[in-house]
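In what follows, a structure is listed as structure tokens, so that the remarks can point back to it.
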Amino acid sequence: MIELSGLTKRYGDKVAVNNLSFTVRPGIVTGFLGPNGAGKSTTMRMILGLDHPTAGDVRIDGRHYEQLKDPLTAIGALLEAKAWHGGRSARNHLLCLAQSNGIADSRVREVLETVGLTAVARKKTKGFSMGMGQRLGIAAALLGDPRILMFDEPVNGLDPEGIHWIRNLMKSLAGQGRTVFVSSHLMSEMALTAEHLVVIGQGRLLADTSMADFIARNSRSYVRVRTPQRERMRDVLHTAGITAVEAGGGALEVDGGKPERIGELAAQHQIVLHELSSQQASLEEAFMGLTAESVEYHAQAGPAPGPAPGQAPGPAPGQAWGDGWRKG
Ligand SMILES: Nc1ncnc2c1ncn2[C@@H]1O[C@H](COP(=O)(O)OP(=O)(O)OP(=O)(O)O)[C@@H](O)[C@H]1O
């Protein structure tokens, strides 16, 4: 378990992390989300004792990092920067780490196997691709067989096969009862991996909630209907107590009705349907709406695009995604 309490980091006038309090629990993958510059890496560095908090406190299974007897056996981490000597082989890099942390040499072979680097174990790491480098970083994190694992943007630079592999690895580590804390700036990626979400923006906590709750509250589902008899369909739905609004492309968007029911109503009234499909608004949009105010570096790409045809406009920054569900 990782417990943050009022954790704050200032660099001069800049407040990188602002009074963060939350708990990362074992047995599930917790996603740590925020736009670029939100303070994710700074928070992770403070968890590992690499940066000292200006205020507040962070504990790993009840202790400060520097109080841990064999830190690598308590918490393993992959941070963004590569932290190894390019002239060494992957195997030697891990052997050095194992020997300086009282870990059996045999563990090196095991973790190389786990991350799929056995075939290149004796090659110098300076020739490694970004994906191989990420795998080596993950091998180092796993070396001490720790109860807690922390990954900073682990899918950066990975190909689809590598991304799939990391996703499954994180889930299986959590399935073994470990605490898995993983940062990303991509909501779509986290939606496939994490069960719980901590969202920050400009160093502040914006959400601490389960993924299921986040999806339920932030992704609107509706049914899209296209018919040459749009007005008639709308009247039929209205009579049945179902609300339909006109969308782009001659379609209707129907809230609160199942496709089966809508299809049956159309059949009863002999209305021809050209489309009847369930739709879900993207979580990425919900995440961008939530964090919009706290994005540090906006792209200068002209005016923001309007909603796509048939798409409900998103809320203004800071509105509608609501404060009610924000905890902490
Ligand atoms: N050593 C430092 N000195 C001054 N400012 C810093 C330092 N480290 C981080 N910052 C600032 O603190 C803020 C948070 O940075 P941090 O790297 O923690 O964000 P992040 O969420 O990890 O972003 P990214 O997704 O881009 O990696 C940024 O504004 C950054 O410029």
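In each ligand, atom 1 is the first atom listed, and ligand 1 is the first ligand listed. These numbers come from a predicted model, not from an experiment.
- Close approach of ligand 1 to S41 (heavy-atom distance below 4.0 Å) involves ligand atoms 17 (O), 18 (O), 20 (P), 22 (O), 27 (O).
- Checked against a 3.5 angstrom limit, the closest N/O atoms of K14 and ligand 1 fall inside it.
- Residue pairs meeting the salt bridge (charged side-chain N to carboxylate O under 4.0 Å, His left out) criterion with at least one member in residues 258-270: none, sequence neighbours excluded.
- Side-chain heavy atoms closer than 4.5 Å link hydrophobic residues (I, L, V, M, F, W, Y) into clusters, and following such links, even through other members, never connects L169 to L186.
- Atoms of ligand 1 found under 4.0 Å from any heavy atom of N36 (numbered from 1 in listed order, with element): 23 (O), 24 (P), 25 (O), 26 (O).
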* To do: Quick one: do I75 and Y65 satisfy side-chain contact (heavy atoms from CB on, under 4.5 Å)? Show the steps, please.
  => CA-CA 9 Å; I75 179 164; Y65 187 87; 3.6 Å; yes
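- Residue-level proximity to ligand 1 for K40 is carried by backbone and side chain together, each with a heavy atom below 4.0 angstrom.
- For T42, a nitrogen or oxygen atom sits less than 3.5 Å from a nitrogen or oxygen atom of ligand 1, counting backbone and side chain alike.
- Linking ILVMFWY side-chain heavy atoms closer than 4.5 Å, directly or via other members, places L4 and V15 in two distinct hydrophobic clusters.
- Residues in residues 68-77 take part in no salt bridge (charged side-chain N to carboxylate O under 4.0 Å, His left out) pair, two or more places apart or across chains.
- Residue A16 places no N or O, backbone or side chain, under 3.5 Å from any N or O of ligand 1.
- With salt bridges taken as basic N to acidic carboxylate O contacts below 4.0 Å, none links K171 and E195.
- Residue contacts with ligand 1 include G39, since one of its heavy atoms falls under 4.0 Å from the ligand.
- In the candidate list G34, S184, G37, G37 is nearest to atom 13 (C) of ligand 1, counting heavy atoms.
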